[in-house]
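One structure is given here, and the rest of the page talks about it.
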Amino acid sequence: MCGIVGHTGPLTASDRSLTVLLDGLSRLEYRGYDSAGVALVTADGVSVTKAAGKLEHLRAELDAAPPAPATAGIGHTRWATHGGPSTVNAHPHRAGRLAVVHNGIIENFRPLRAEVEAAGRTLLSSTDTEVAAHVLDLDYARRLEAAGAGADPAVVLVESMRAVAARLEGSFALLAVTDLAPGTIVAARRSSPLVIGLGDGESFLGSDVAAFVSATRRAAEVDDDQVVLLRGGEVTVWDAEGAVVEPRTWEVTWDASAAVKGGYETFMDKEIHEQPAAVADTLRGRVDERGEIQLDEMRIDPAVLRSVDKIIVIACGTAAYAGHVAKYAIEHWCRVPVEVELAHEFRYRDPVVSEKTLTVAISQSGETMDTIQAVRHAREQGSKVLAIVNTYGSTLAREADAVLYTHAGPEVAVASTKAFLAQITACYLLGLYLAQLRGNKWPDEVADYLTHLAQMPAKIQDLLDGQEERVRALGAELADKTSFLFLGRHVGYPVALEGALKLKELAYVHAEGFAAGELKHGPIALVEEGLPVFVIVPTPRRPLLHDKVVSNIQEVRARGARTIVIAEEGDLTVEPFADDVIRVPRTPTLMWPLLTVVPLQVFAAALARAKGLDIDQPRNLAKSVTVE
């Protein structure tokens with residue numbers, strides 16, 4: 001949640017910092033926010049401008065009172081935690097000669113607030129961030145006085161930042177600027193995303209690389225409890241003990257154009273249409289010259305993976321539904337039991353984890369705090385961790401023992417689409433890799449599954465070409481409905497859950513996904529005349545499974561439901577019981593989710609559009625949930 005941007009350039013003041021901040025904040029809007037602000041280091045001091053609401057309100061404030069040219073600046077989009085959405089609670093926060101922005105939650109802010117107030121400071125907001133800013137400024141003022149006139153104010157601020165960061169409990173990415181050190185930013189992080197951008201004669205900070213990718217593709221990591229000093233084009237990083245360290249650097253492989261709409265009405269429309277490429281890119285380069293599957297960063301000894309007797313998938317929301325699909329595939333291919341856990345419940349229920357457990361953590365951003373904390377708990381119990389993430393250099397990728405990147409490219413819309421398909425694809429690759437390693441499948445069997453996977457991008461494209469307009473029309477037609485049910489069996493069950501989630505996220509209507517067999521155990525009481533019920537029907541080549549679901553269609557239709565059936569091309573048995581049929585290409589059962597979820601994504605977006613809602617930024621939601 002929240003977005004951070006920072007910029008330092010030459011000591012010659014200009015409008016460059018403000019331009020970078022506003023561009024970066026606009027690229028971070030997808031993370032979800034309710035206010036925004038900037039602080040600029042000018043010849044007249046630190047200028048702070050902030051506003052509640054969208055970025056356009058901040059731009060209006062800046063247009064009404066343009067700030068002076070600056071040598072450095074920090075910007076922030078806030079998603080309310082401590083204190084409601086308002087201008088006074090918006091970041092940056094002033095404290096003495098400092099201005100500070102912060103992502104995360106300071107858990108010990110109450111005793112720190114009492115300390116700050118006892119020192120005679122008056123707090124204007126309800127935020128934990130303003131408390132941290134005053135703690136930092138009080139320490140900074142003491143150190144400056146002790147250091148004397150010859151001290152470098154920037155270096156003194158680094159010392160204060162390290163001391164204060166050690167006192168803070170919780171998660172934070174903390175940036176500070178002061179007019180005592182023009183052209184500099186000092187930052188620290190713990191369990192909250194922060195990345196450095198390396199430019200020519202200028203430097204950047206961001207919650208992710210989207211904040212500065214239009215200016216540079218060279219990036220560097222910031223690890224937990226490190227402190228960073230940016231001064232023009234110079235970057236210095238210290239570890240928690242005060243030693244200078246060299247940060248790990250990498251080249252961003254996508255450019256700024258990947259984070260713009262490219263002619264589509266919304267980012268979600270664009271990302272739905274990028275799904276064939278997302279699946280193809282996730283599959284690309286995975287097979288070596290011997291025909292064996294290779295993962296990105298496999299730092300787990302093969303002997304350990306052969307000895308695994310249980311797999312636990314840890315994730316939240318859409319990623320958890322990808323984990324449910326993984327359970328079906330991995331158990332079938334590897335004959336290893338798989339549990340799927342909601343990350344925010346995992347560490348609080350005393351889970352059974354050992355050295356023979358493989359924990360698989362799934363997160364688009366790699367910064368999902370619930371998932372990171374669950375992973376840390378699993379590692380404490382001796383489990384090895386494999387992360388499936390979409391963001392290079394993320395916290396989850398750094399802390400895991402192995403990483404499988406989804407290569408879906410930036411996903412800007414808050415509600416996930418292409419990342420979900422890429423996560424499922426990565427889970428298939430993991431399952432086949434383990435089956436290959438453990439000897440559960442012969443090489444020709446693995447090759448056959450990979451062949452089918454390679455065909456999926458074209459099938460997804462065929463589905464979009466053939467069914468998108470029909471599904472969009474259906475969404476517009478049902479825009480007045482206030483409740484929907486989604487039914488599925490086997491791998492259709494997590495698809496039903498995801499379809500319901502998309503509708504809740506985008507259209508703000510009641511929607512529930514059920515295992516179809518559960519219908520008669522209670523949920524059928526919800527069925528009434530005209531209720532839209534989506535049913536994901538398995539292939540007729542699985543007759544027992546298929547026939548059971550067709551019986552479920554008959555059950556809800558007999559009670560007046562409008563049945564919307566997603567069925568394989570050529571399956572004529574559903575037509576007598578379906579009010580609407582959405583056809584998907586024939587494909588193996590385990591890979592069915594890669595196709596059947598696509599029309600549900602399109603439908604949710606169409607319904608939200610018909611209701612006049614913001615499809616890319618649904619209310620109350622954030623793209624990257626960096627608080628637990």
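Side chains of Ile196 and Val228 form a contact here, defined as non-hydrogen atoms less than 4.5 Å apart. Considering only heavy atoms from C-beta on, Trp238 stays 4.5 Å or farther from Val245 through its side chain. Residues Leu613 and Leu506 form no side-chain contact, since every pair of their non-hydrogen atoms from C-beta on lies 4.5 Å or further apart. Ile388 has its side chain out of reach of Tyr405: every pair of non-hydrogen atoms, C-beta onward, lies at least 4.5 Å apart. Side-chain contact between His91 and Thr129 is present, with at least one heavy-atom pair separated by less than 4.5 Å. Between Thr236 and Val244 there is a side-chain heavy-atom pair separated by less than 4.5 Å. Between Ile312 and Ile314 the shortest side-chain heavy-atom distance falls below 4.5 Å. Side-chain contact check for Val5 versus Leu28: some heavy-atom pair is nearer than 4.5 Å.
For Asp15, the side-chain hydrogen bond (donor to acceptor under 3.5 Å, both in side chains) test picks out no residue, with sequence neighbours left out. For Thr8, the side chain to side chain contact (heavy atoms under 4.5 Å, CB included) partners two or more places apart in sequence, or in a different chain, are Ala72, Ile185, Ser203, Leu230.
Although no hydrogens or angles enter the test, the distance criterion places a donor-acceptor pair under 3.5 Å between the side chain of Lys50 and the main chain of Pro92. In terms of modelled atom types and a separation under 3.5 Å, the side chain of Arg190 and the main chain of Leu168 share a donor-acceptor contact. Gln373 places no side-chain N or O within 3.5 Å of a backbone atom of His344 that could act as its donor or acceptor partner. Side chain of Glu411 to main chain of Thr417: a donor-acceptor pair is present (N/O by atom type, distance under 3.5 Å, no hydrogens or angles). A distance-only check finds no donor-acceptor pair linking the side chain of Arg27 to the backbone of Phe212 [under 3.5 Å]. Of the possible polar contacts, one joining the Thr282 side chain to the Ala278 backbone as a donor-acceptor pair under 3.5 Å is found. The backbone N or O of Ile106 sits less than 3.5 Å from a side-chain atom of Asp128, completing a donor-acceptor pair. Distance alone, capped at 3.5 Å, places no donor-acceptor pair between the Asp401 side chain and the Leu386 backbone. Between the side chain of Arg299 and the main chain of Ala400, a donor-acceptor pair closer than 3.5 Å is present. A donor-acceptor contact shorter than 3.5 Å is absent between the side chain of Asp223 and the backbone of Pro247.
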Exercise for the section: Tell me, with the steps shown, if Ile362 and Val313 meet side chain to side chain contact (heavy atoms under 4.5 Å, CB included). Expected result: CA-CA 7 Å; Ile362 307 176; Val313 178; 3.7 Å; yes
Exercise for the section: Show your reasoning for whether ring-ring contact (aromatic ring centres under 6.0 Å, His included) applies to Phe172 and His102. Expected result: CA-CA 6 Å; Phe172 54 84; His102 159 240; 7.0 Å; no
Problem - Residue pair Arg376, Asp224: steps toward the salt bridge (Lys or Arg N to Asp or Glu O under 4.0 Å) verdict - result: CA-CA 13 Å; Arg376 289 170 178 167; Asp224 269 2; 3.3 Å; yes
Practice task
Could you please spell out the steps behind the side chain to side chain contact (heavy atoms under 4.5 Å, CB included) verdict for Glu399 and Val385?
Solution key: CA-CA 8 Å; Glu399 295 195 9; Val385 175; over 6 Å; no
Problem - Step-by-step side chain to side chain donor-acceptor pair (under 3.5 Å) determination, Thr391 to Ser365 - result: CA-CA 5 Å; Thr391 307; Ser365 66; 5.8 Å; no
Handout entry: Trace of the side chain to side chain contact (heavy atoms under 4.5 Å, CB included) decision for Ile4 with Leu175
Key = CA-CA 9 Å; Ile4 279 179; Leu175 276 62; 3.5 Å; yes
Exercise for the section: Begin from the C-alpha positions of Arg217 and Glu251 and carry the test salt bridge (Lys or Arg N to Asp or Glu O under 4.0 Å) through to its verdict. Expected result: CA-CA 6 Å; Arg217 294 195 196 182; Glu251 194 82 8; 5.9 Å; no
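Ser160 OG to Leu98 CG: the interatomic distance, rounded to the nearest 0.5 Å, is 8.5 Å. Atom CG of Leu342 sits about 10.5 Å away from atom CZ of Arg349, to the nearest 0.5 Å. Taking NE2 from His377 and OG1 from Thr359, the interatomic distance works out to 9.5 Å, rounded to the nearest 0.5 Å. Atom CD1 of Ile74 sits about 10.0 Å away from atom CG of Leu205, to the nearest 0.5 Å. Taking CG from Asn390 and CD from Gln364, the interatomic distance works out to 4.5 Å, rounded to the nearest 0.5 Å. Between the CD atom of Glu202 and the OG1 atom of Thr71 there is a distance of 13.0 Å, given to the nearest 0.5 Å.
Counting only N and O atoms by type, the side chains of His7 and Ser17 include a donor and acceptor under 3.5 Å apart. Thr127 and Asn89 share no side-chain donor-acceptor pair at under 3.5 Å. Inspection of the Asn103 and His76 side chains reveals an N or O donor paired with an N or O acceptor under 3.5 Å. Counted by atom type alone, Ser47 and Thr42 present zero donor-acceptor pairs between their side chains at under 3.5 Å. Thr395 and Arg189 share a side-chain donor-acceptor pair at under 3.5 Å. Residues Ser416 and Thr318 have side chains that never bring a donor and an acceptor to within less than 3.5 angstrom of each other. Under the 3.5 Å distance criterion, with hydrogens and angles disregarded, no donor-acceptor pair is assigned to the side chains of Asp239 and Gln226. Looking at Glu130 and Ser125, their side chains do bring a donor and an acceptor atom within 3.5 Å of each other. Using modelled atom types and a 3.5 Å distance limit, the side chains of Ser394 and Glu367 yield no donor-acceptor pair.
Nearest heavy atom pair, residue Ala413 against residue Asp616, reads CB-OD1, 3.6 Å. Of all heavy-atom pairs spanning Glu341 and Phe346, the tightest one is CG-CD1, 3.9 Å. In terms of heavy-atom proximity, Ala188 sits nearest to Ala165 at CB-CB, 4.3 Å. Between Ile372 and Gly366, the shortest heavy-atom distance links the atoms CD1-O, 3.8 Å. Minimum interatomic distance between Ser35 and Ala90 (heavy atoms only, all atoms of both residues): OG-CB, 3.4 Å. The two residues Ser192 and Ala173 come nearest to each other via the heavy atoms CB-N, 3.6 Å.
Within 6.0 Å of CD in Glu117 there are more than 12 heavy atoms belonging to other residues, nucleotides or ligands. Atom CD of Glu246 sits in a sparse spot, with 12 or fewer heavy atoms from other residues, nucleotides or ligands closer than 6.0 Å.
Ion pairing between Glu115 and Arg167 holds under the 4.0 Å rule for side-chain N and carboxylate O. Asp281 and Lys418 are not joined by a salt bridge, as no carboxylate oxygen comes within less than 4.0 angstrom of a charged side-chain nitrogen. A salt bridge links Asp269 and Arg609; the closest N-O separation between the charged side-chain nitrogens and carboxylate oxygens is under 4.0 Å.
Across Arg121, Arg142, Arg143, Arg97, a single residue satisfies salt bridge (Lys or Arg N to Asp or Glu O under 4.0 Å) together with Asp137, and that is Arg121.
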Return a table of donor-acceptor pairs under 3.5 angstrom between the side chains of residues 58-65 and protein atoms on other chains or two or more places apart.
none

